[in-house]
Amino acid sequence: MLKNLTISRKLTWLNALVSAAALMLACMAFLAYDQVTYKQTLFHNLSSEAQVVGFNSISALVFNDPDSATTTLSALRASPSILAATIFTGNGRVFATYAQNQKYQITEESPPAAGQTETYVVTGNQVLLTRSIAFGRKPMGFIVIRGSLQELDDRLWQYLQIAAGVLIFSLGAALILSSFVRRAVAEPIVRLAQTARIVSRDKNYAIRVEPTGNRDETAVLIEAFNDMLAQIHVRDAALGIERARLKVIIENAPAGIVLASAPSGEIILMNRRAEEILGHPMYPAADIGSYAQYHTLHADGRTLQTNEHPLARAVMQGEVIRSEEYRYVRPDGKETWIRSSAAPILDKQNNIVAGVLVFSDIDEQKQAQEALLRSEKLAAAGRLAASISHEINNPLESITNLLYLALSDARLAADTREYLNQAEQELARVSQITTQTLRFYRQTTNPTSADIGSLLDSVLRLLRGRVANTEVKVVTEYRATRPLHCFEGELRQVFTNLIGNALDAMTGHPGRLVVRTSESHNWATGEAGIRVTVADSGSGINRDTLQRIFEPFYTTKGLRGTGLGLWVSKEIIAKHRGTMRVKSTVGTGTTFSVFLPFQVADERRNNAAGSASA
Amino acid sequence: MKISHPHPGASPISGQRAFALALGTGLLALLLLPLTIDAQNPRPTEYQVKAAYLFNFGKFVKWPPSASASSFVICLLGSDPFQGILDKTVAGEQIDNKPVTVRRINSAADAAGCRIVFVSESEEGRMGSILAALNRSPVLTVSDASGFVDHEGMIQFVMDGDRVRFQVNLSAAQRAGLTMSSELLKVATEVKRQEKSGD
């Protein structure tokens, strides 16, 4: 009954109950005692009346004067509790009688038993008292008095009313008193409960319960509660810092991190890098079944089943996965190589509570591997070409000499001489090709003095075939005349690359390629040198691409490009202590500007980047 | 002492002056208690009642200490109307822890030692002198002679129908130094308090 009441209510009710119970018991005891004593008093009074009346009736009995006895009896009128009285003679005859009311009249009764002077019988709320009347030692007769016990009932009723009054008053007093008790006992507890509620609702561990100032259990409880709050506060703050740290670490980690809760597999966290790699924000996945949204392929191109996802395996089987490689299909359809590791997070009982997936984008690595492969092939091809050219050179020498000897014969017919002249010209071309091929691929070890104009011409000559297939007009403006001290072969590679790119940018459209040289100064150091600009009227490069064009493996040419050309070019220019800058407007064209100082540092360094472009 | 009832066979005998009683009735009366006064059948005779009253007066009257004696003597002056009933009534009884005895005297002068003197109707002619003589000593005078209380007699039996009752001259008793119980006065039909002052 009391279970759901507040403590103060409980105290109030307990007070009231205890008071009521104590009062009831006291009242009952008092009532019982009063009833017994009052009954005794009543009987005693009746007995006294009987005695007096009996005594006063002796003479009447002795001298046979019923009138006198009747008069004596009539004095009983003064006692309202005496309903009737009758004096009987010794042989049981009515001698004198009195009755308040006729119905109470006593007409027949037997005397008290031998040896007894007085007996009484209680019937209902009446008592019949019989007392013998003796004169000296001689029995004269007996008196019977009918007494009413109504007074007893009246008294009981009155007492009950008083008890009820006292009870109501006491309960009132108890309620008033309990308000003081409540203040002293319940209020601190109520305050404690309120604070606890606030703490659990707002998660605010900074608040405290105000101490009562007493030294009772409640005070100890409040103190302990405050201590506990203080500890939680400290721990909470530490936890907050730890969480913030972890958040920063996770958010800024260079690897993609995904957290899923176990056993549902619900994805609860995905860091920024993960979104970058996957190319989309976190898909809401409430269970492992929805992992299919994260479209992942095996290396052989099969799509991963949902339970094959590394995170699913970690969450479901507690499997620890190290560095497995997959291809992820981004929303835009592009595929990227990822390397995934996953592990379950266990609690103290070794239950899986979560799973974590860490993955990195290994696309660049994959491309680097591919590029390496290709540049190795190219180098091999280059070496092969160089050795072939070298081998061809000797027979060419012989043929040239033989043709010279044949032409010096004056007997030759005119048309034969013409054929031989043509053969000599064609042979010169073959010779030039082999020489160029040799020179192009020869590993330069020392810088040599070179004319930038003829260097650029050799490059344009090399690319003549590609230019012929386009509608591009090539314009050259060579103003620089001083020779440049440089690694000729490497610079040829740079410009082949730049001009090749320019031609690519103008593929399919009429365009204009302008190659200029001028003597200039490094506007940062003031050093004298030559500036070469390669300008095209092609499609231009957008801002994002422009920022990345010097990164290795960055390409817009798909599988046709290696993403290495400009990076290698930049390295070569840097080796010459030069600078390379680019300016581009989408739809208008791109201009590469290369500055090369006249005097390159006297370095004897082998150039590692001795290979392809475009 | 047991309560007994009169013999159911006893026939009622009434009469103001009747004194002839059957021997059987007399014998039975021996067994009767003086206090057992029954208004109903069987009815005791007038002198049975009077004898009982005479004896009981002794219990409601207080004598001065000078009257002390070894026994409580009830004297009968003149002819005896009780016919021995009184003797039977008092036989074995005590008043003030003294045995009650009956003595018959012929003149007031013989009344020395008497506590109660019953003056028979036969002395009616000499009543004045008798009372004058008796009243000098603490003696309760009783008679059934008419006008007795008017002549300084103390208790006079009167008949009320067939009931025996009595009148009291309180002044006379007081003058003789006797104290009468109020209980006695209560049941008296008449209590005289004479103007005449005592000695």
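Because the structure is a prediction, the values reported are computed rather than measured.
For a residue to count as touching a neighbouring chain, one of its non-hydrogen atoms must lie under 4.5 Å from one of that chain's; by this rule A/T71 does not touch chain B. Proximity to chain B (any heavy atom under 4.5 Å) is restricted, for A/F55, to the backbone atoms N, CA, C and O.
At least one side-chain heavy atom of B/L54 sits less than 4.5 Å from a side-chain heavy atom of B/F118.
Two rings, from B/F157 and B/F166, have their centers 6.0 Å or more apart.
With respect to the salt-bridge test (charged N to carboxylate O, under 4.0 angstrom), the residues A/D65 and B/K186 do not qualify. No salt bridge links B/K59 with B/D96; every basic N to acidic carboxylate O contact stays at or beyond 4.0 Å.
Listed options A/S68, A/S57, A/A60 were ranked by heavy-atom pairs under 4.5 angstrom with chain B; first place goes to A/S68.
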